[in-house]
Structure formats: C-alpha cells, structure tokens
A.B. asks: 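Would you mind keeping the following structure in view while I ask a few things?
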Amino acid sequence: MSSTIEFDEAAARVLEAAYLTTDVVEQRCAVLRSLGLEPGQHVLDIGCGPGLLVRDLAGSVGEGGRGCGLDLSDAMLGMARRRCADQAWVSFDQGDAMKLPYEDAAFDAVVSTQVYEYVADIPGALAEIRRVLRPGGRVAILDTDYGSLVVHTDDEPRLARILDAWDEHFVHRDLPRFLGPALREAGFRLRQRSAIPMFNPEYQPNAFSFHLTMFIAGFSGGRRDATQEDAQGWLAELQDLGRQGRYFFSLNRYLFVADRG
Ligand SMILES: C[S@@+](CC[C@H](N)C(=O)[O-])C[C@H]1O[C@@H](n2cnc3c(N)ncnc32)[C@H](O)[C@@H]1O
C-alpha cells in the first residue's frame with residue numbers, strides 16, 4: 001500500500017469537487033488578490049492540479065501575458081489542459097517542484113497551493129522558485145496545518161486512529177509553522193501572512209469538509225490501526241451529527257506572500 005496519495009483520475013475528480021466548493025473558491029480569490037497581477041505579466045502555478053487557479057491567473061494577466069501550470073500528475077494535467085483550452089496564452093508542463101523546467105527570472109509571480117506539504121526539501125524547492133522569479137517578483141504559497149483541525153466526534157479513539165493513518169500521506173503535516181522563516185532564509189521579503197479557515201459548522205454536501213472527510217476516510221480505512229469499519233462508521237457519524245445539528249468542522253490553511261529580494 002502506497003504511503004502517499006496517488007493523484008490519479010479518481011483522486012483528481014474528488015479533489016476537483018472539493019475545490020469547486022465556496023470555501024475553496026474564496027481561498028482562490030484571496031490568493032489571486034495577494035499576487036496583485038497586472039495585464040501582460042508571466043505567472044507560474046506549481047502543482048497546479050485541475051487548473052482552477054491557472055484559469056483565474058490567466059484571466060488576470062490576459063492574452064498579452066503568460067500563464068504556466070506545472071504538475072507531476074498526468075491525470076491532473078489532462079483536467080487542467082481541458083479547463084484552459086480556450087486560453088491560448090496558457091501552457092502546462094509535467095515536472096517536479098524540485099527542478100522547475102523554466103529559465104532563470106522567467107516569471108513575475110509564482111504561486112503554489114497545497115503542494116509543499118508533499119515536498120521533502122523545502123529550502124531546495126524555495127531556491128528553485130527564487131531562481132525562476134525576476135528580481136522583485138512575488139511568490140504566494142498556501143498550505144494546511146493539520147494541527148489546527150477540530151472535528152466534533154462522540155468516538156475520539158476512532159477519530160484518532162483515522163487521523164493517525166491520514167498523517168502517513170504528508171511529508172509535512174504542519175508546514176505553515178516554519179514556512180515564514182524558510183522564506184526569509186531563502187532570500188524573500190515577507191509581505192503577508194494570513195489564516196484562511198475552512199469552517200463548516202453544518203453538514204452540507206456543497207461544503208469543503210464533506211469532500212475532505214470522504215477523502216480522508218478513503219485513504220485511512222485499512223491503514224495503520226484504522227479499519228474500513230472505522231472509516232465508514234466515522235462518515236456515518238458525521239452525517240448523524242449533521243442531522244442532529246451537532247456537526248462541527250474547522251481547519252486552517254495559511255497563505256504566505258513574499259517578494260524576491
Ligand atoms: C492537493 S493537490 C493541489 C492542487 C492545486 N494546487 C490546488 O490547490 O487546487 C496537490 C497537487 O500537487 C501535485 N504535486 C505533488 N508533489 C509535486 C511535486 N513535487 N512537483 C509538482 N507537483 C506536485 C500533485 O500531483 C497534485 O496535483
């Protein structure tokens with residue numbers, strides 16, 4: 001059993017549904033605002049996934065600009081290419097955040113959301129971003145700190161087993177805690193640090209937590225001490241809590257924006 005998430009067709013569809021929820025649409029708006037893009041600029045999204053943010057970035061820089069998306073996964077790139085097919089100034093490349101296939105100082109802005117939790121060598125990855133940014137260019141990185149997760153349950157031991165298994169899929173479960181210093185050490189000037197809460201106090205199929213908890217259950221069931229029954233029982237409990245008006249889910253993502261010194 002792989003200890004990482006396979007970003008295949010099935011995962012791409014589940015993630016796309018989560019990323020189309022209002023919670024994540026608002027997050028994308030905050031990320032876009034933080035970059036302060038202007039028409040004609042060149043922008044790169046590292047680990048672009050299904051291409052939702054690339055589409056927005058490309059809209060901001062316009063057809064006189066350049067929008068690039070990079071990802072390791074074929075399935076994600078397929079979805080992203082289809083999404084941006086009518087934007088001729090957008091291109092996608094398969095590649096690794098550790099070795100960006102772009103020239104030095106090629107971009108005015110670089111962005112990456114929910115990717116560096118999977119990347120072991122953060123100083124190496126930030127050095128690559130710095131290399132492809134022009135002097136004064138801007139980077140925005142957003143990631144989750146799973147230490148901020150609050151989910152109501154009447155069965156704490158079962159939830160602990162499920163989350164312990166979920167932890168297996170990250171390299172970093174708490175990257176935001178050290179991202180600020182890492183950016184400074186890599187030669188960036190920090191401009192903004194913001195918390196972006198994914199707060200769902202109701203059980204709703206169109207909310208972020210509905211999709212994330214299904215994804216967590218799918219990954220964790222049958223892994224470490226979490227059984228398939230644990231995973232299915234937890235999902236059923238969340239639904240019951242929703243019916244009873246006792247559902248509560250909160251998880252913070254953190255946005256760091258910095259300029260290349
Ligand atoms: C959780 S998804 C986030 C997708 C997108 N950034 C978003 O927020 O909508 C993580 C994405 O990062 C990609 N990824 C993971 N490690 C990577 C690496 N080392 N280099 C490039 N892409 C990577 C995965 O294939 C996947 O598409």
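None of these values were measured; they are calculated from a predicted model. One-based numbering, in listed order, for ligands and for the atoms of each.
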A.B. asks: Find out whether R131 and L100 are in side-chain contact, i.e. whether some heavy atom of one side chain is under 4.5 Å from a heavy atom of the other.
C.D. replies: yes

A.B. asks: Please report which non-hydrogen protein atom sits nearest to atom 27 (O) of ligand 1, along with the residue it belongs to and the distance in Å to one decimal place.
C.D. replies: D71 OD2, 2.7 Å

A.B. asks: Tell me, which protein residue and heavy-atom name are nearest atom 12 (O) of ligand 1, and how many Å apart are they?
C.D. replies: V115 CG2, 3.6 Å

A.B. asks: From the options D93, L72, L70, L52, select the one whose nearest heavy atom is closest to atom 23 (C) of ligand 1.
C.D. replies: L72

A.B. asks: Side-chain contact, heavy-atom cut-off 4.5 Å: E229 with T227?
C.D. replies: yes

A.B. asks: Between ligand 1 and Y118, is the shortest N or O to N or O distance under 3.5 Å?
C.D. replies: no

A.B. asks: Check the orientation of Y118 and H169. Use parallel for under 30°, tilted for 30 to 60°, and perpendicular for over 60°.
C.D. replies: tilted

A.B. asks: Mark up the atoms of ligand 1 that fall under 4.0 Å of a heavy atom belonging to G95, in ascending order.
C.D. replies: 20 (N), 21 (C)

A.B. asks: Within ligand 1, which atoms have a heavy atom of C48 less than 4.0 Å away?
C.D. replies: 5 (C)

A.B. asks: I'd like to check which ligand 1 atoms, numbered from 1 as shown, lie under 4.0 Å from a non-hydrogen atom of T113.
C.D. replies: 3 (C), 5 (C), 6 (N), 7 (C), 8 (O)

A.B. asks: Please list the nearest protein heavy atom to atom 10 (C) of ligand 1 with its residue and the distance rounded to 0.1 Å.
C.D. replies: Q114 O, 3.4 Å

A.B. asks: Quick one: are R134 and Q41 in side-chain contact, heavy atoms under 4.5 Å?
C.D. replies: yes

A.B. asks: Nearest to atom 6 (N) of ligand 1, what protein heavy atom do you find, and at what distance?
C.D. replies: G47 O, 2.6 Å

A.B. asks: Considering heavy atoms of the protein only, find what lies nearest to atom 9 (O) of ligand 1 and give residue, atom and distance to 0.1 Å.
C.D. replies: Y19 CE1, 3.1 Å

A.B. asks: Are side-chain N/O atoms of D240 and Y247 paired as donor and acceptor at under 3.5 Å?
C.D. replies: no

A.B. asks: Scan R173, R161, R223 and name whichever one has a salt bridge (charged side-chain N to carboxylate O under 4.0 Å, His left out) with E168.
C.D. replies: R223

A.B. asks: Set out, in order, the CA-CA distance, both residues' side-chain angles and the distance that settles salt bridge (Lys or Arg N to Asp or Glu O under 4.0 Å) for D143 and R253, then state yes or no.
C.D. replies: CA-CA 5 Å; D143 248 292; R253 292 176 162 191; over 6 Å; no

A.B. asks: Counting only heavy atoms not in D225, do more than 12 fall under 6.0 Å of its CG?
C.D. replies: no

A.B. asks: Compute the minimum heavy-atom distance from D96 to ligand 1 and say whether it is under 4.0 Å.
C.D. replies: yes

A.B. asks: Parallel, tilted or perpendicular for F208 and F249, by the 30°/60° rule?
C.D. replies: perpendicular

A.B. asks: Report the part of S112 (side chain from C-beta onward, or backbone N, CA, C, O) that has a heavy atom under 4.0 Å from ligand 1; answer both or neither where that applies.
C.D. replies: neither

A.B. asks: Could you tell me the residue and atom name of the protein heavy atom closest to atom 20 (N) of ligand 1, and the distance to it rounded to 0.1 Å?
C.D. replies: A97 N, 2.9 Å

A.B. asks: Could you tell me whether ligand 1 has any atom less than 4.0 Å away from a heavy atom of A12?
C.D. replies: no

